[in-house]
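Taking it in order: structure first as structure tokens, then the write-up.
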Amino acid sequence: MTDTRVPRRRRFLVCEPRHFAVQYAINPWMHPDTPVDVDLAREQWQSLIHAYRTHGHDVDSLEPAPGLPDMVFAANSAVVLDGRVFGSLFHAPERRPESTHYDLWFKTAGFDVHRPEYVCEGEGDLVWTGRYMLAGTGFRTTREAHREVQEFFGHPVISLTLVDPHFYHLDTALFVLDDGPANNIAYFPEAFSAGSREVLARLYPDAVLATREDAAAFGLNSVSDGRNVFIAPQAEALATRLSEHGYVPVPVDLSEFRKAGGGIKCCTQEIRS
């Protein structure tokens with residue numbers, strides 16, 4: 001089945017973890033008294049960039065700003081679809097200055113940027129499936145922002161309620177395996193409310209389901225190009241399931257970023273022109 005999976009070349013935006021640290025706690029993974037090995041974080045991040053480029057993807061980089069330790073988590077900065085940028089308005093005051101830097105990068109790159117009226121944390125809670133936008137709420141992004149996103153992009157938005165604070169963003173509990181004709185996802189059911197689980201089961205009856213262990217290893221904070229899945233090596237059971245479904249797991253260890261509640265997808269903003 002692997003031979004039937006076709007990768008699509010992607011364009012990613014990333015930000016070097018030069019100033020990465022855990023200086024505050026805004027999710028259950030963060031403990032400011034836990035030291036961060038910045039050299040190890042930079043080495044792991046570079047291995048992710050290398051993996052992307054080795055598999056034929058384009059990678060742009062944004063200069064990090066001092067005093068913004070979470071700026072490395074580029075996915076939260078915006079959603080880019082059809083060449084249009086819907087920016088971010090962070091829930092945590094500590095992260096709100098990041099938006100200015102990302103907005104400037106997008107504008108310099110020739111994009112118009114829409115500033116949201118309501119709290120919205122980019123691809124952290126907004127996941128484009130190729131058909132519609134899956135939108136998480138419960139801890140960060142608001143339902144009002146979901147409506148704003150639908151009005152801006154003109155694509156259907158399906159709201160999903162997150163109920164476990166360890167999976168505070170949608171991209172920690174779900175990712176898209178293929179946004180083409182073979183559209184499918186992987187997700188951890190227990191991260192969602194009962195009604196949202198029913199919605200996902202109806203939309204994706206053949207989805208790959210992950211265990212709590214997979215999710216806790218940030219196995220669902222993965223990036224897929226339709227064939228290759230860049231995934232945390234600690235999510236072994238999920239990687240096995242993906243292989244059984246014809247995908248090719250590409251293990252990339254970003255475990256140092258788990259101290260801030262982040263992983264592969266958190267560090268990766270996709271630019272869809």
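As the structure is a computational prediction, the values presented were derived from the model and not from experiment.
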Close side-chain approach of R140 to N27, heavy-atom, < 4.5 Å: yes

Non-neighbouring partners of D178 that pass salt bridge (Lys or Arg N to Asp or Glu O under 4.0 Å), sequence neighbours left out: none

Of F175, F167, W29, F257, the residue whose pairing with F218 passes ring pair (Phe, Tyr, Trp, His ring centres under 6.0 Å): W29

Inter-residue atom distance T161.OG1 - L170.CG, 0.5 Å rounding: 10.5 Å

Residues Q23 and D70: side-chain donor-acceptor under 3.5 angstrom: no

same_hphob_cluster(V157, Y132) at 4.5 Å side-chain heavy-atom cutoff: no

Test item: side-chain donor near acceptor, D225 and Y52, under 3.5 Å: no

Sequence neighbours excluded, every pair satisfying ring pair (Phe, Tyr, Trp, His ring centres under 6.0 Å) that has a member inside residues 135-164: F86-F152, H114-F152, W128-H155

Whether H55 and F230 hold their rings parallel, tilted or perpendicular, with breakpoints at 30° and 60°: perpendicular

Cation-aromatic face contact R5/Y247, 6.0 Å, 45 degrees: yes

Carboxylate-amine/guanidinium contact E117 R147, below 4.0 Å: no

Worked check of side chain to side chain contact (heavy atoms under 4.5 Å, CB included) between N184 and Y204: CA-CA 6 Å; N184 203 8; Y204 295 100; 3.8 Å; yes

Partner set under salt bridge (Lys or Arg N to Asp or Glu O under 4.0 Å) for R241, not counting sequence neighbours: D214

